[in-house]
A.B. asks: 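Okay, handing you the structure first.
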Amino acid sequence: MVVFNISRVETTPFDGQKPGTSGLRKKVKVFVQPHYLENFVQATFNALSAEKVRGATLVVSGDGRYYSKDAIQIITKMAAASGVRRIWIGENGLLSTPAVSAVIRERTGVDGSRASGAFILTASHNPGGPHEDFGIKYNMENGGPAPEAITDKIYENTKTIKEYFIADLPDVDISTIGVTSFGGPEGQFDVEVFDSASDYVKLMKSIFDFESIRKLLTSPKFTFCYDALHGVAGAYAKRIFVEELGAQESSLLNCTPKEDFGGGHPDPNLTYAKELVARMGLGKSETQDEPPEFGAAADGDADRNMILGKRFFVTPSDSVAIIAANAVDAIPYFSAGLKGVARSMPTSAALDVVAKHLNLKFFEVPTGWKFFGNLMDAGLCSICGEESFGTGSDHIREKDGIWAVLAWLSILAHKNKENLGGEKLVTVEEIVRQHWATYGRHYYTRYDYENVDAGAAKELMAYLVKLQSSLPEVNEIVKSARPDVSKVVDADEFEYKDPVDGSISKHQGIRYLFEDGSRLVFRLSGTGSEGATIRLYIEQYEKDPSKTGRDSQDALAPLVEAALKLSKMLEFTGRSAPTVIT
């Protein structure tokens with residue numbers, strides 16, 4: 001057994017190591033600076049209570065992006081120096097963010113140990129590679145992201161840090177499953193490399209009826225396509241969809257995890273999932289082949305999802321509403337009923353209508369999965385989602401891309417259980433249109449203006465807040481842009497009081513609410529690593545079944561025009577068009 005010593009290394013603080021709701025994200029060139037990662041890891045250890053560190057079991061893995069392997073070795077050596085008892089690492093350092101949450105909540109080691117937290121190495125849906133993004137976040141013993149009280153403490157520690165501790169361990173082989181043991185001043189330290197997929201697959205099999213999904217996927221009438229965008233979802237796709245559920249291996253696209261995501265942008269939307277979009281018949285050019293019945297994509301760390309039917313896009317807002325409306329009948333895990341449902345504030349109100357119809361508890365929360373986690377830990381919420389392609393349930397405390405795909409496959413299997421031998425299957429599009437006929441349709445789009453000058457973005461937001469004090473002026477601007485748009489009756493900055501812990505979150509998005517139920521929402525997003533992203537959300541509700549079949553962009557064009565004039569988007573940002581429209 002190799003015996004290690006511990007070194008104390010002097011350091012000085014770096015500016016801007018403030019973790020957001022998604023952890024700390026920066027360019028790789030920032031993370032590779034001497035002491036940069038070490039400072040943040042030590043600040044995290046110092047922010048945790050002693051029993052969460054000394055003698056504890058921690059998970060260290062991520063989406064496999066560039067710099068992950070180096071970071072895993074550094075964190076492992078620092079954990080040994082801080083008195084951690086054992087580290088669990090997914091094979092090749094790969095674990096999806098939802099799988100990390102599942103491992104914390106479900107896995108028991110051979111010696112009976114349970115994990116009390118995790119360092120997750122991901123920058124989510126942002127690009128990877130030597131000149132791209134890296135990220136790190138800490139998850140707690142419930143499997144969810146660290147609460148603000150902890151992330152604030154981490155940030156305070158980064159501003160005053162003077163030293164960190166690291167063990168002189170050799171690098172551990174993370175490509176081979178097994179346990180490596182070391183001896184240190186406080187006793188034995190183990191590093192266990194384990195199969196990345198087993199615990200997660202076991203959990204999915206306890207939630208869904210795999211046999212009914214298998215019947216659907218192996219039906220000659222049903223065709224399927226899943227695109228991992230070269231992210232970590234590839235480590236699960238073959239195991240679940242091919243080996244467990246009988247799909248053809250040719251139905252998997254870009255399912256080899258790569259450090260740079262194959263040079264692509266691992267964000268599952270109509271702009272970046274180009275290959276899948278084309279295969280599903282939604283590309284700009286006509287496809288030669290008949291598109292599959294069902295398609296789905298994942299982001300870099302596999303917590304986001306995009307759902308597509310043949311030549312048909314399902315908005316994330318509709319997706320969570322449709323899953324909630326069908327969950328009790330189609331998914332065994334929910335057969336006893338739903339505790340409640342929740343959505344992020346910018347997400348369309350499609351879920352609200354379902355909750356009202358089914359008499360369910362309903363919550364509208366700020367953007368950030370931790371808010372859903374609080375509700376779930378209190379037993380108040382079963383299914384939740386956000387418009388940014390995140391959907392999930394209380395089986396873990398993160399959003400879960402593959403779970404959402406399996407939920408949709410379960411709904412399709414349920415709707416088709418009597419006619420797998422018949423002439424025609426019920427399609428994704430038919431399920432969505434039937435939902436609109438029952439609940440009405442929320443026309444919805446999001447405009448992203450990425451890498452905008454941060455100063456200009458803040459000025460635009462400040463202008464919109466100031467404008468809210470005069471609704472007559474707001475309506476004058478709106479009507480001058482489009483007289484056919486409804487009247488603005490309220491405007492505010494969204495504020496949330498958590499029903500579980502009483503905490504208050506302010507400045508969570510600027511809202512303009514119209515008489516007919518339409519909404520404009522403006523938010524600054526902190527999920528990129530450079531500049532600022534302005535997100536503009538546009539929503540219009542239509543109850544008349546004869547008017548729910550319009551093209552979304554056509555239906556929303558008047559509101560879009562009003563929003564751009566109201567916000568002075570071009571004047572403040574110089575942008576005449578968004579980077580991405582979803």
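Because the structure is a prediction, the values reported are computed rather than measured. These numbers come from the heavy atoms of this one structure, side chains and all, not from hydrogens, waters or symmetry mates.
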A.B. asks: So, Asn326 side chain and Ile411 main chain: donor-acceptor pair closer than 3.5 Å or not?
C.D. replies: no
A.B. asks: Any heavy-atom pair between the side chains of Glu387 and Thr315 that's under 4.5 Å?
C.D. replies: no
A.B. asks: Of the options Lys26, Arg25, Lys27, which is the one that meets Asp133 in a side chain to side chain donor-acceptor pair (under 3.5 Å)?
C.D. replies: Lys27
A.B. asks: Using 0.5 Å steps for rounding, measure from the CG atom of Leu229 to the CZ atom of Phe261.
C.D. replies: 9.5 Å
A.B. asks: With sequence neighbours excluded, tell me which residues meet side-chain contact (heavy atoms from CB on, under 4.5 Å) with His435.
C.D. replies: Ala321, Ile322, Ala325, Val354, Tyr439
A.B. asks: Can you list the steps and then say if Arg114 with Thr108 is a side chain to side chain donor-acceptor pair (under 3.5 Å)?
C.D. replies: CA-CA 5 Å; Arg114 303 281 301 222; Thr108 303; 3.2 Å; yes
A.B. asks: Side chains of Asn157 and Gln42: any donor to acceptor distance under 3.5 Å?
C.D. replies: no
A.B. asks: Report the residues that fulfil side-chain contact (heavy atoms from CB on, under 4.5 Å) with Asp501, sequence neighbours left out, ordered by chain and then residue number.
C.D. replies: Asn374, Asp498, Ser503
A.B. asks: What closest approach, in Å, do Val341 and Ala324 show between heavy atoms, and which atom pair accounts for it?
C.D. replies: CG1-CB, 4.1 Å
A.B. asks: Looking at OH of Tyr226 and OG of Ser251, how far apart are the two atoms once the value is rounded to the nearest 0.5 Å?
C.D. replies: 11.5 Å
A.B. asks: Under the 3.5 angstrom rule, does the side chain of Arg105 hit a backbone N or O of Asn142 as a donor-acceptor pair?
C.D. replies: yes
A.B. asks: To the nearest 0.5 Å, how far apart are CG in Leu121 and NZ in Lys137?
C.D. replies: 11.5 Å
A.B. asks: Are the side chain of Ser348 and the backbone N or O of Ala350 linked by a donor-acceptor pair below 3.5 Å?
C.D. replies: yes
A.B. asks: Take Asp195 and Arg239 through the test salt bridge (charged side-chain N to carboxylate O under 4.0 Å, His left out) and record every step on the way to the result.
C.D. replies: CA-CA 12 Å; Asp195 179 74; Arg239 282 280 282 278; 3.3 Å; yes
A.B. asks: Flag the pair Trp88 / Leu58 as yes when at least one side-chain heavy-atom distance between them is below 4.5 Å, and no otherwise.
C.D. replies: no
A.B. asks: For Asp63 and Ser68, which heavy atoms make the closest approach, and how far apart are they?
C.D. replies: OD1-OG, 4.5 Å
A.B. asks: Answer yes if the side chains of Asp190 and Thr180 hold a donor-acceptor pair under 3.5 Å, and no otherwise.
C.D. replies: no
A.B. asks: Before you tell me yes or no, could you show the steps for Ser393 and Asp400 under side chain to side chain donor-acceptor pair (under 3.5 Å), namely the whole-Å CA-CA distance, both residues' side-chain angles and the distance that decides it to 0.1 Å?
C.D. replies: CA-CA 8 Å; Ser393 93; Asp400 190 344; over 6 Å; no
A.B. asks: Looking at Lys215, is its backbone amide N or carbonyl O close enough to the side chain of Ser219 to form a donor-acceptor pair, meaning the two atoms are under 3.5 Å apart?
C.D. replies: no
A.B. asks: Would you check, one step at a time, whether the test side chain to side chain contact (heavy atoms under 4.5 Å, CB included) holds for Thr347 with Tyr537?
C.D. replies: CA-CA 8 Å; Thr347 303; Tyr537 311 83; over 6 Å; no
A.B. asks: Could you check whether Asp377 pairs with Arg397 (Lys NZ or Arg NE/NH1/NH2 to Asp/Glu carboxylate O, under 4.0 Å)?
C.D. replies: yes
A.B. asks: Indicate every side-chain donor-acceptor pair of residues 356-370 with a distance under 3.5 Å to a residue at least two apart or in another chain.
C.D. replies:
| from | atom 1 | to | atom 2 | distance (Å) |
| --- | --- | --- | --- | --- |
| Glu364 | OE2 | Arg343 | NH1 | 3.2 |
| Glu364 | OE2 | Arg343 | NH2 | 3.3 |
| Lys370 | NZ | Glu148 | OE1 | 2.8 |

A.B. asks: Minimum heavy-atom separation for Ala297 to Ala273, with atom names?
C.D. replies: CB-CB, 4.4 Å
A.B. asks: Which of parallel (below 30°), tilted (30 to 60°) and perpendicular (above 60°) describes Phe119 and Phe45?
C.D. replies: perpendicular
A.B. asks: So, are Lys238 and Glu249 salt-bridged, with charged N and O less than 4.0 Å apart?
C.D. replies: yes
A.B. asks: Looking just at side-chain N and O atoms, do Glu51 and Ser49 make a donor-acceptor pair shorter than 3.5 Å?
C.D. replies: yes
A.B. asks: Are any non-hydrogen side-chain atoms of His265 and Thr271 less than 4.5 angstrom apart?
C.D. replies: no
A.B. asks: Quick check: closest heavy atoms across Pro127 and Gly264, and the distance to 0.1 Å?
C.D. replies: CB-O, 4.2 Å
A.B. asks: Counting N and O atoms only, with roles assigned by atom type, does the side chain of His230 sit under 3.5 Å from a partner on the main chain of Thr256, one being a donor and the other an acceptor?
C.D. replies: yes
A.B. asks: Measure from the side-chain N and O atoms of Ser96 to the backbone N and O of Ala302, and report whether any donor-acceptor pair falls under 3.5 Å.
C.D. replies: no
A.B. asks: Tell me, do Tyr155 and Pro19 make a side-chain contact under 4.5 Å, heavy atoms counted?
C.D. replies: yes
A.B. asks: Considering non-hydrogen atoms only, spot the tightest contact between Ala102 and Leu203 and give its length.
C.D. replies: CB-CD2, 3.7 Å
A.B. asks: Would you sort out whether Asp301 and Thr97 count as a side chain to side chain donor-acceptor pair (under 3.5 Å), showing the intermediate values?
C.D. replies: CA-CA 6 Å; Asp301 65 331; Thr97 295; 2.6 Å; yes
A.B. asks: Working to the nearest 0.5 Å, report the span between OG1 of Thr57 and CZ of Arg85.
C.D. replies: 7.5 Å
A.B. asks: Locate the shortest heavy-atom distance separating Tyr236 from Val232; write the atom from each residue and the value.
C.D. replies: CD1-O, 3.4 Å
A.B. asks: Decide yes or no for Lys202 and Lys205: does some side-chain heavy atom of the first lie under 4.5 Å from some side-chain heavy atom of the second?
C.D. replies: no
A.B. asks: Would you say Glu141 has more than 12 foreign heavy atoms packed within less than 6.0 Å of its CD?
C.D. replies: yes
A.B. asks: With side chain to side chain donor-acceptor pair (under 3.5 Å) as the test, would you mind laying out the steps for Tyr333 and Asp394 before giving the verdict?
C.D. replies: CA-CA 10 Å; Tyr333 180 83; Asp394 61 352; 2.9 Å; yes
A.B. asks: As a quick check of understanding, evaluate side chain to side chain contact (heavy atoms under 4.5 Å, CB included) for Ser382 and Phe334, giving each step before the final call.
C.D. replies: CA-CA 8 Å; Ser382 295; Phe334 299 115; 4.0 Å; yes
A.B. asks: Can Arg107 be said to sit on top of Phe194's aromatic six-ring, NZ or CZ under 6.0 Å from centre and within 45° of the ring axis?
C.D. replies: yes
A.B. asks: What's the separation between atom CD1 in Ile87 and atom CD1 in Ile75, rounded to the nearest 0.5 Å?
C.D. replies: 8.5 Å
A.B. asks: For the residue pair His125 and Asp303, establish whether any side-chain heavy-atom pair is separated by less than 4.5 Å.
C.D. replies: no
A.B. asks: If you apply the rule side chain to side chain contact (heavy atoms under 4.5 Å, CB included), what do you find for Thr582 with Thr445, and how did you get there?
C.D. replies: CA-CA 6 Å; Thr582 45; Thr445 190; 5.8 Å; no
A.B. asks: Do the side chains of Glu38 and Phe40 get nearer than 4.5 Å, heavy atoms only?
C.D. replies: no
A.B. asks: Mind checking the NE2-CD1 spacing from His395 to Ile207? Nearest 0.5 Å is all I need.
C.D. replies: 4.5 Å
A.B. asks: Would you say the side chain of Ile136 lies within less than 4.5 Å of the side chain of Ile120, judging by non-hydrogen atoms?
C.D. replies: no
A.B. asks: Verify the neighbour count for atom OH of Tyr66: are there more than 12 heavy atoms of other residues, nucleotides or ligands below 6.0 Å?
C.D. replies: no
A.B. asks: Hey, mind stepping through Phe312 and Met280 against side chain to side chain contact (heavy atoms under 4.5 Å, CB included) and telling me if it holds?
C.D. replies: CA-CA 8 Å; Phe312 191 82; Met280 295 304 297; over 6 Å; no
A.B. asks: Which word best sums up how the rings of Trp403 and Phe208 line up, parallel for under 30°, tilted for 30 to 60°, or perpendicular for over 60°?
C.D. replies: tilted
